[in-house]
Amino acid sequence: MDTESIQSGYSHHSNRSRGSNKQSERSSRDRHKSHSRDSSSRSDKNVTISASSAQLQQDQSSAPTDAQDDNWGETTTAVTGTSDHSLSQEDLAGFGKETETPAEKLNCIRFLPLVLTLFLGLLVLVTPLAFLVLPQLVWPERLQACGTACEGLFLSLAFKLLILLLAGWALFVRPARASLPRIAVFRALLGLLTLLLLLSYWLFFGVRILDSQDENYQGIVQFAVSLVDALLFIHYLAVVLLEIRHLRPCFSLCVVRSTDGETHHYNLGLLSIQRAALVILEHYYKDFTIHNPALLTAAKSRAAKHLAGLKVYNVDGAGSEAATAQSRAKIAAAARHRDTSHNELYYEEAEHERRVRKRRARLVVAVEEAFTHVRRLQEEEKKKQPGDEMDPREAAQAIFPSMAQALQKYLRTIRQQHCHSMDSIQAHLAFCITNNMTPKAFLESYLVAGPTLQYGRECLQARQWTLVSEASVTSPLRHGTEFQLKSSDFSLVVTSKAIPHLKLSEEFVHPKSHKFVLQLQSETSV
Amino acid sequence: MSYIPGQPVTAVVQQIEIQKLRDGVNLILGFSIGGGIDQDSSQNPFSEDKSDKGIYVTRVSKGSPAEVAGLRMGDKIMQVNGWDMTMVTHDQARKRLTKKNEDVVRLLVTRKSLEEAVRQSTMQH
């Protein structure tokens, strides 16, 4: 019953996180704040629920012993902390897999910024042309004909407009890398600025030119050209704000994976927390080795054994400080209890190491032998013997069985068998044969755990990440900022430190100042 | 034993007379010297002032004529048979000590204990 309540809590949490991603970027800040706070508090609540359930279990088990002493052996439930925790963790792992939807949902909200950008671009294109064309349409007979000056202005307007459109396309019309939780502040600012500029120009055009039906066409053309100039400068501002400002590194971020402690450091510039999170995630797929939950089971079982080793019974009746007193008693008793788990760990690790090395040796020999059976057919031989030719896929399939067993055993020993399927191994083998790779090159991807992107879909983590941060995610990075990127199985904890201000001073060394003397210390006996 | 260039050097010296020992065709005294104006004086372990480029006794063989005569390790040789040894090269010093036609060398050596002894005796008065 308690495990079910935990289940419902976690599923609710995952649904919430999915929902918050679907919401539009322009939703109000308060709603987002309350959501993120809710989800984080919900996860905190979940932790307390399971702890209190464990407490509850202990109390329940202790209560019958007091009440019915004669048949206490039958009624005491030997529910220990281990079964509770391990069951809930299994459930969590199962739930994690369920929230990974295999098909990527085409999210309409993802394209909203693109649509807005295109609309703004259309407006930018149409406005100067409208400024030029409208006077010609509305009062053509009263317009003063302007000569070469106007033609020059027309040319410059056309080219500037072309450059502006190309530059805008290069900077803004790009597939979005990710959907961020909040709006990108600089982009919104720039969009707003552009809109403001266009509105003010339209206002001026409407009041000064359309209403009064100005006859000076050259003035109108110059007006349009000045608009395009202003738009080009806004584009320059966009380049500086969006692309250049964050190039110079200011902060060094330390990213630690919570499950196995793998750490990497990155240097980033002045970015908001959400954009920094984006950059870190892109680096994560490239730098961090693949997360292997199977390697952590040993540590978990040891921790569970520590918990289960001691049970505290409250004989004198429950009090308000019972919980803290119990935990303190547990810690004190554990410190005194001399357990030999360190011994077991040492010998287990040595044994595992030995086993891995043995399997690895067998694997290397098997693969080398398999590769000797395959030889590339030369050009002359192709004409002579048209018989036994095979394409790479068939060649791979032919030599695969001889090494399959050794490879399977090795992968099972290092607990990575779920990352590689038969098809992927055969495809990799065909790839290596085609490119004349040595057996060592073929084995490299199996002997060394590679980055997450290297593996196929079956091992790829969910692309659903949650940014957990105390500060607002659009606030800029500062020294000492901490935030977390939660995935379904693990989380990345990020801390930032400012790169210190470096003081470089110069020291001039004259090229002729390098002089040397011989140091002799001779001793002569007389 | 530090000196100021251009000023005369004063030191308390002891005269040591060593009879050269004939060993086959060679005449040996039984000690080793180090130092000289062409040497690196900062490596001298016996000198107080590391810019002192004088000739120092670095080793005295046991039972040698030098030990018998009273020469000790760390002594600074000021004169050999009247020739000055405070401003000579290492090779010049060696030559002055190993002249084949001399059987006896009279050295003037100085050491720190000599200065201290003199100072003590003057204080007692």
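In what follows, every chain begins at residue 1, and chains take the letters A, B, ... in the order their sequences are listed.
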Give a yes or no on this: more than 12 heavy atoms of other residues, nucleotides or ligands lie within 6.0 Å of atom CZ of R359(A). yes
Show me, pair by pair, the donor and acceptor atoms from chain A and chain B that are under 3.5 Å apart.
{"from": "Q519(A)", "atom 1": "OE1", "to": "Q43(B)", "atom 2": "NE2", "distance (Å)": "3.4"}
{"from": "L520(A)", "atom 1": "O", "to": "D40(B)", "atom 2": "N", "distance (Å)": "3.0"}
{"from": "Q521(A)", "atom 1": "NE2", "to": "Q43(B)", "atom 2": "OE1", "distance (Å)": "3.2"}
{"from": "S522(A)", "atom 1": "N", "to": "Q39(B)", "atom 2": "OE1", "distance (Å)": "2.9"}
{"from": "S522(A)", "atom 1": "OG", "to": "Q39(B)", "atom 2": "OE1", "distance (Å)": "3.1"}
{"from": "S522(A)", "atom 1": "OG", "to": "Q39(B)", "atom 2": "NE2", "distance (Å)": "3.3"}
{"from": "E523(A)", "atom 1": "OE2", "to": "T58(B)", "atom 2": "OG1", "distance (Å)": "2.9"}
{"from": "T524(A)", "atom 1": "N", "to": "I33(B)", "atom 2": "O", "distance (Å)": "3.0"}
{"from": "T524(A)", "atom 1": "O", "to": "I33(B)", "atom 2": "N", "distance (Å)": "2.7"}
{"from": "T524(A)", "atom 1": "OG1", "to": "H90(B)", "atom 2": "NE2", "distance (Å)": "2.3"}
{"from": "V526(A)", "atom 1": "N", "to": "F31(B)", "atom 2": "O", "distance (Å)": "2.8"}
{"from": "V526(A)", "atom 1": "O", "to": "L29(B)", "atom 2": "N", "distance (Å)": "3.3"}
{"from": "V526(A)", "atom 1": "O", "to": "G30(B)", "atom 2": "N", "distance (Å)": "3.0"}
{"from": "V526(A)", "atom 1": "O", "to": "F31(B)", "atom 2": "N", "distance (Å)": "3.4"}

Is it the side chain or the backbone of L29(B) that comes within 4.5 Å of chain A heavy atoms, both, or neither? both
State whether the number of non-hydrogen atoms from other residues, nucleotides or ligands found under 6.0 Å of M73(B) atom CE is greater than 12. no
Heavy atoms from other residues, nucleotides or ligands near CD of E351(A) exceed 12 (cutoff 6.0 Å): yes
Is the number of heavy atoms from other residues, nucleotides or ligands within 6.0 Å of NZ (K440(A)) greater than 12? no
Solution key, residues 244-254 of chain A side-chain donor-acceptor pairs under 3.5 Å, sequence neighbours excluded:
{"from": "H246(A)", "atom 1": "NE2", "to": "L242(A)", "atom 2": "O", "distance (Å)": "3.0"}
{"from": "H246(A)", "atom 1": "NE2", "to": "R275(A)", "atom 2": "NH2", "distance (Å)": "3.4"}

